[in-house]
Colleague: 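A single structure is presented below for examination.
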Amino acid sequence: MKEGSLPKAYEFQEVEPNCYSYWEREGFFHADGNSSKPPFSIVIPPPNVTGQLHMGHALNNALQDILCRYKRLKGFEVLWMPGTDHAGIATQNVVERQLAKEKLSRYELGRESFLQQVWKWKEKYGGIIIKQLKHLGASCDWDRERFTMDEGLSRAVRQVFVQLYEEGLIYRGKRMINWCPRCMTALANIEVEGEEIDGHLYHIRYPLENGEGALVVATTRPETMLGDTAVAVHPDDARYSSYVGQYVVLPLLERRLPVIADVYVDREFGTGALKITPAHDFNDFEIGRQHQLDLIQVISENGIMTEEAGLYAGLDRYACRKRILKDLEKGGYLVKVEDYKHRVGHCYRCKSVVEPMQSLQWFVATRPLAEKAMAAVRAGETKIIPSKWEKDYFGWLENVEDWCVSRQIWWGHRIPAWYCGDCGEIIVSLQDPTECTKCKGSQLEQDSDVLDTWFSSALWPFSTLGWPDTTADLKKFYPTSVLVTGFDILFFWVARMMMMGIHFMQQVPFREVYVHALVRDAQGQKMSKSKGNVIDPLIIMDQYGTDALRFTLTALAVQGRDVKLSEERIEGYRHFVNKIWNASRLVLMNLQDLEVVEEIPRRPERLMHRWILSRLQRMIQEVEESLQNYHFNQYAQTLYHFVWHEYCDWYLEMIKPDLYGENPAAKRLAQSLAAEVLKDILILLHPIMPFVTEELWQKLPQTTGSVMTATFPQPDDQRLDASSEEQMEVIMEVVSAIRNIRGEMNVPPSLRVDVVCLCEEPSGISLLQSHAGTIIDLARLANLRIAHVGEHKKPRAAASTVTKGVEVHVILQDILDFESESKRLAKELGKLEKEFGFAQKKLSNEDFLAKAPVEVIEKEREKELRLAEKVDKLRRHYDMINHLRESAAMEE
RNA sequence: GGGCGGGUAGCUCAGCUGGGAGAGCAUCGGCCUUACAAGCCGAGGGUCACAGGUUCGAGCCCUGUUCCGCCCACCA
């Protein structure tokens, strides 16, 4: 489908879907477990089936795609393993909300048919995010797509649970846990988000039983007083020492509470007297345990006050608080109310305030697993990048507590534990048991709970590769090469994958973890629907194209810093996509009559060719280095600058005369080289901008197949050419100097002017002479005279400057305004003299000369010399202009 | 309370191991120069948060101050 010419504009709306289906058809994303190529593997952080692609996904997957596409070009057997997560609580909530619209609850439906509903929902909507990932260009091996609740992964979950149970690393126990009264389930500690709240500290008077005074306690949660079973003071607190051992009477309920002493109490805080509610507070629970206090549960699982709350029973916990405060006040018990900011735990799924509660749950004994996970990172078996996250990783693992893994919801992996109705035995096994292993009874009932979603996610790197079977995929692709993820799931997911991976595979799940930043809005705010600052990647892709979005995200992906995204930024980079398109148009237009692609010499004769080839080698090196170090922004920006400001601005402009000219050999070389460099540019850019590069690749005559199957260019040291780069610099400087003067002196582009360049060195003369045509074209000149300084009279009516040892005189015969030229020169002189002054000062500093490295001094000397010359020449010209100005004034 | 990141051009940000600051957008001036007006050519704009220190030399290293953001923590 080489058509030779390109449409005027890049129609990404058509190109993107076509490209993608072409890639899929050709099987370019497919990884071969039996390949002899070196492996490179990534498992996708499985998005929730309920998910819609947001900017976080877009960034995360764009970066993974870059790595995968890059490694394919480098000849690796690349597996990017895709899939989705069943997202227990989140998905169940979505379906429950849907049911609520029909005035149905899951309880009315019953477990079986509710689960059917969820599966139905999953079949219908679960693929949305996958489609969106494809829209983004993700080159995942979709043949291998997995779901955390598919058959194979469920088998892995069960195997892991049973084995951990048998090893004593999973147990069931009654513990204090965090409970979400809205989701009606236990949560793991990290699933609770502490949020600062403007609350109050209530001082409440608890009268002594003997009538002689009272103790005043301070609390933020007065409703919990109904479950109080003691009041504690510090044992060394002189104020209260006489109270210890006595009893106070709990207001409203009139219950006798012992006054106990415990060092936990902070004498400085509040009143120094602490009410103890063992059933509804982690610390109180602990104190209660030590002092053998009763547990009185006054708040039930759905946040309603229990029978134990007496006349407050049946009230919602917050309504109860209000009522209690009123009653306390009425009874004269409320001593003081202070404003008080404090942190309150919220459910990470529904944001409800969680309740600490004592409950019978399943736990993973995390310590032993955590030790190994830490050791692996310490030993460098897994590297976390940027390394600052290692600190967080260790910090969390060092203090990790047992992981509550049972959830009182229905959507998820059912816990493979059965309870014998006859003898109470717990049976945990791979196969569903039919009789009790202990008493042979048949009254078995399976635990109704399901596992934490993160339990199955923790197995993702090996469960997706076929574990517990020993598969070719596991052998080839485990450990995976790198995990790309946001820091927000470092503990939820990364740390747990490390623990499980090491325990079950005896090897870390990934060699490297690249932790990227969060995407925020232009003001640095978290994007959220309620703030209305969400930039939707789907809308952006439709509006600007996927490549523009991907390039923007990549260019902004600086290590360790949040990505602050704005639409203007994306718009800006869309222009870059367009630029590439148009550069390719130019190249292709001029390729039409190219019969044979010219063999490109290692060192072409013409400077511009040598220059662009040399620059290209440097780009390749820089790109590789950037990618190896995960400096995605550097990768994007390096190419941006090279393509736009070197290849387009200079190289393509410079070869135009050859392209349009009559010299067939020069033309062929220019055509071939422009195309050849473009070809490499397309490969270099392909990982970031897969679509436009593929489309253009298809159009280039010297390419075959897909850019995806191309080979990443090898930097050719023999084409590195520092002297060509220096020489080009001179040409570019001279052109810029002329343009600058034209601009400042308001010379319209249509007016071709004469320029005289006076050089110091013979080499400069020959360089300029051999590129006179280029300079004439690029600076829009009529004539260009090049001579040695001594051999040519300085032009009078000229605007002038000095650069790289060249005096540049722009002849403005009749139009030179001495007044403005004098001003312009004064300004330029001022700048130069200041710079010159700096250099002089530095070089007259003896300490500098004594202590600075010789190269630096040498560089500074050269600089001073250059500046001195420049200043001198400019000043002479300045004087002359001023003289002319004066005499012109006299004539009038 | 502890830890981390950040305060650089009007805005959003680069600036990799210290050698006198860059980009995109925005602003201003000139151009439809046959790839591109989503473009081309040029210009203006910065006491690199503040105060000390180390150094011949600091945006970069150290100390302190201040402001912002995030994470962690059982003082009710």
Side-chain angles (χ1 to χ4, degrees), chain A residues 6 8-10 194 201 217-221 224 232 264-266 268-271 273-277 281-286 340 342-343 356 388-389 391-392 395-396 399 487-488 490-491 517-518 520 522-526 544 548 552 555-556 558-566 568-569 571-590 625-626 629 631 633-634 637 640-641 645 648-649 652-653 656 660 736 739-744 746-750 777-780 835 838-839 842 845-853 855-857 859-860:
Chain A
L6 288 179
K8 199 162 161 114
Y10 170 50
L201 192 59
V217 300
T219 180
T220 54
R221 304 194 57 197
T224 61
Y264 168 76
V265 179
D266 180 355
E268 308 298 318
F269 189 89
T271 59
L274 173 63
K275 65 192 254 335
I276 303 296
T277 323
D281 184 280
F282 280 90
N283 300 309
D284 292 9
F285 178 80
E286 194 46 40
Y340 185 63
H342 63 131
R343 290 177 78 82
K388 65 165 181 165
W389 294 110
K391 237 182 180 175
D392 288 54
W396 187 73
N399 301 307
F487 63 78
D488 49 335
L490 193 61
F491 309 144
L518 242 52
R520 300 173 179 278
Q523 277 69 48
Q525 301 276 320
K526 231 178 196 162
Y544 302 100
T552 309
L556 297 182
V558 182
Q559 266 190 24
R561 251 174 107 149
D562 287 341
V563 172
K564 290 189 200 163
L565 190 69
S566 67
E568 293 75 51
R569 210 67 198 244
E571 207 181 329
Y573 285 122
R574 176 188 55 170
H575 297 173
F576 181 54
V577 178
N578 191 245
K579 190 74 184 175
I580 296 164
W581 182 261
N582 280 298
S584 306
R585 275 186 76 210
L586 172 72
V587 173
L588 279 167
M589 269 177 184
N590 290 292
E625 207 186 306
S626 303
N629 298 313
H631 288 142
N633 63 312
Q634 210 172 48
Q637 278 157 5
Y640 180 94
H641 189 268
H645 298 301
C648 290
D649 283 355
L652 290 183
E653 293 302 328
K656 274 179 182 173
Y660 303 145
S736 294
R739 284 170 170 175
N740 180 318
I741 287 173
R742 293 184 62 124
E744 295 244 320
N746 279 319
V747 180
S750 51
D777 286 336
L778 295 186
R780 305 192 63 75
E835 221 179 311
F838 275 130
K842 214 168 190 176
N845 182 341
E846 278 173 35
D847 282 333
F848 175 71
L849 296 174
K851 289 174 186 168
E855 323 73 272
V856 176
I857 298 173
K859 232 168 91 186
E860 201 62 29

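Naming: A, B, ... by sequence-line order, numbering from 1 per chain.
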Colleague: A:Phe282 has an atom CZ; how far is it from atom C1' of B:A73, in whole Å?
Modeller: 13 Å

Colleague: Need one value for A:Arg221: base, sugar-phosphate or nothing, where a base atom within 4.0 Å counts as base even if backbone is also close, heavy atoms only.
Modeller: nothing

Colleague: Report yes or no: is there a donor-acceptor pair, N or O only, under 3.5 Å between the side chain of A:Gln634 and the base of B:C16?
Modeller: yes

Colleague: Any base atoms under 4.0 Å from A:Asn845, or only sugar-phosphate, or nothing? Heavy atoms, all strands.
Modeller: sugar-phosphate

Colleague: B:C36 C1' sits how many Å from A:Met589 CE, rounded?
Modeller: 10 Å

Colleague: Taking only side-chain nitrogens and oxygens of A:Lys388, does any of them come within less than 4.0 Å of OP1 or OP2 of B:G3?
Modeller: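 A:Lys388 to B:G3 OP1/OP2: no side-chain N or O under 4.0 Å.
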
Colleague: Could you check if a side-chain atom of A:Asp777 sits within less than 4.5 angstrom of a side-chain atom of A:Lys656, using non-hydrogen atoms only?
Modeller: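 Of all side-chain heavy-atom pairs linking A:Lys656 with A:Asp777, none is under 4.5 Å.
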
Colleague: Say we look at B:C48 and B:G10: how far apart would their P atoms be, to the nearest angstrom?
Modeller: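 Going atom to atom, P in each nucleotide, I get 12 Å.
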
Colleague: Between B:C40 atom C1' and A:Asn578 atom CG, what is the distance in whole Å?
Modeller: 14 Å

Colleague: Would you mind telling me which of B:A76, B:A35, B:C74 lies closest to the side-chain atoms of A:Glu653?
Modeller: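 Of the candidates, B:A35 comes closest.
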
Colleague: Just to confirm, is there a sub-4.0 Å distance from OP1 or OP2 of B:A76 to any side-chain nitrogen or oxygen of A:Tyr340?
Modeller: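 Checking B:A76 against A:Tyr340, a side-chain N or O does come within under 4.0 Å of OP1 or OP2.
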
Colleague: Measure from the side chain of A:Leu274, starting at C-beta and using heavy atoms only, and say which of B:A76, B:A35, B:G19 lies closest.
Modeller: B:A76

Colleague: Paired with B:C40 by Watson-Crick or G-U wobble geometry, both distances under 3.5 Å: which nucleotide is it?
Modeller: B:G30

Colleague: Taking the side chain as everything from C-beta on, heavy atoms only, tell me whether A:Val856 gets closer than 4.5 Å to A:Phe848.
Modeller: yes

Colleague: For B:C40, take OP1 and OP2 only and decide whether either is under 4.0 Å from a side-chain N or O of A:Lys579.
Modeller: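 For B:C40, OP1/OP2 do have a side-chain N/O of A:Lys579 under 4.0 Å.
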
Colleague: In whole angstrom, give the distance that lies between atom CG of A:Asp777 and atom P of B:U34.
Modeller: 13 Å

Colleague: Assign each of A:Asn633 and A:Arg739 to its nearest nucleotide of RNA chain B by heavy atoms, then name whichever residue's nucleotide is nearer the 5' end.
Modeller: A:Asn633

Colleague: Does B:C16 have a Watson-Crick or wobble mate here (both distances under 3.5 Å), and if so which one?
Modeller: none

Colleague: Of all the choices, B:G19, B:A43, B:A76, which nucleotide is nearest to the side chain of A:Asn740 once you look at every atom?
Modeller: B:A43

Colleague: In this structure, how many angstroms lie between the C1' atom of B:C72 and the CZ atom of A:Phe487, rounded?
Modeller: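 For the pair A:Phe487 CZ and B:C72 C1', the rounded distance is 13 Å.
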
Colleague: Are any of A:Tyr660's side-chain N or O atoms less than 4.0 Å away from OP1 or OP2 of B:A35?
Modeller: yes

Colleague: Going by purine N1 to pyrimidine N3 plus the second Watson-Crick contact, or the G-U wobble pair, all under 3.5 Å, which nucleotide sits opposite B:G59?
Modeller: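 No nucleotide pairs with B:G59.
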
Colleague: B:C40 P sits how many Å from A:Arg742 CZ, rounded?
Modeller: 18 Å

Colleague: Looking for any heavy atom pair under 4.0 Å, which part of the strands does A:Gln637 touch: base, sugar-phosphate only, or nothing?
Modeller: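 It contacts sugar-phosphate atoms only.
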
Colleague: Less than 4.0 angstrom between a side-chain N/O of A:His645 and OP1 or OP2 of B:G24, yes or no?
Modeller: yes

Colleague: Which whole-number value in Å describes the distance from A:Arg780 CZ to B:U33 P?
Modeller: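 Interatomic distance, CZ of A:Arg780 to P of B:U33: 9 Å.
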
Colleague: Do the ring planes of A:Phe269 and A:Tyr340 sit parallel (below 30°), tilted (30 to 60°) or perpendicular (above 60°)?
Modeller: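 Perpendicular, since the angle between the ring planes exceeds 60°.
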
Colleague: Looking at B:G19, B:G15, B:G42, which one has an atom nearest to any side-chain atom of A:Pro853?
Modeller: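 Between B:G19, B:G15, B:G42, the one nearest the side chain of A:Pro853 would be B:G19.
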
Colleague: Any side-chain N or O of A:Asn590 less than 4.0 Å from the OP1 or OP2 oxygen of B:A35?
Modeller: no

Colleague: Between A:Arg569 and A:Val747, which is nearer to the 5' end of RNA chain B once each is assigned its nearest nucleotide?
Modeller: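 Its nearest nucleotide being more 5', the pick is A:Arg569.
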
Colleague: Say we look at B:A51 and B:G59: how far apart would their P atoms be, to the nearest angstrom?
Modeller: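 To the nearest whole Å, 13 Å.
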
Colleague: Where the side chain of A:Phe838 is concerned, which of B:G20, B:G19, B:A38 is the nearest nucleotide?
Modeller: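 From the listed options, B:G20 comes nearest.
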
Colleague: Taking atom C1' in both B:C4 and B:G44, compute the distance separating them and give it to the nearest angstrom.
Modeller: 39 Å

Colleague: Which base, if any, makes a Watson-Crick or G-U wobble pair with B:G5, both distances under 3.5 Å?
Modeller: B:C68

Colleague: Could you tell me whether A:Val587 contacts a base, only the sugar-phosphate backbone, or nothing, with contacts defined as non-hydrogen atoms closer than 4.0 Å?
Modeller: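 It contacts nothing in the nucleic acid.
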
Colleague: Let's see if you can work this out: which of B:C72, B:C74, B:A76 has an atom nearest to the side-chain heavy atoms of A:Ala218?
Modeller: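 That would be B:A76.
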
Colleague: Indicate the atoms forming the closest heavy-atom contact of A:Gln559 with A:Asn629, along with that distance.
Modeller: NE2-O, 2.9 Å

Colleague: Side-chain N or O of A:His342 versus OP1/OP2 of B:A76: is the shortest distance under 4.0 Å?
Modeller: no

Colleague: If pairing requires Watson-Crick or G-U wobble contacts with both distances under 3.5 Å, which nucleotide is the partner of B:A21?
Modeller: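 By the stated definition (distances under 3.5 Å), nothing pairs with B:A21.
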
Colleague: Angle between ring planes, A:Tyr573 versus A:Tyr640, binned at 30° and 60°: parallel, tilted or perpendicular?
Modeller: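 It falls in the perpendicular class, over 60°.
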
Colleague: Among the candidates B:C75, B:G42, B:G39, find the nucleotide nearest to the side-chain atoms of A:Tyr264.
Modeller: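 Closest of the options to the side chain of A:Tyr264: B:C75.
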
Colleague: Does the side chain of A:Lys391 get closer than 4.0 angstrom to OP1 or OP2 of B:C4 through an N or O atom?
Modeller: yes

Colleague: Please determine, for the side chain of A:Arg585, which listed nucleotide (B:C36, B:G20, B:C25) has the closest atom?
Modeller: B:C36

Colleague: If you check every side-chain atom of A:Asp649, which of B:A43, B:C40, B:G15 has the closest atom?
Modeller: B:C40

Colleague: When all nucleic acid strands are considered with a 4.0 Å heavy-atom cut-off, which category describes A:Lys8: base, sugar-phosphate, or nothing?
Modeller: sugar-phosphate

Colleague: Starting from P on B:C36, measure out to CZ on A:Arg574 and report it in whole angstrom.
Modeller: 17 Å

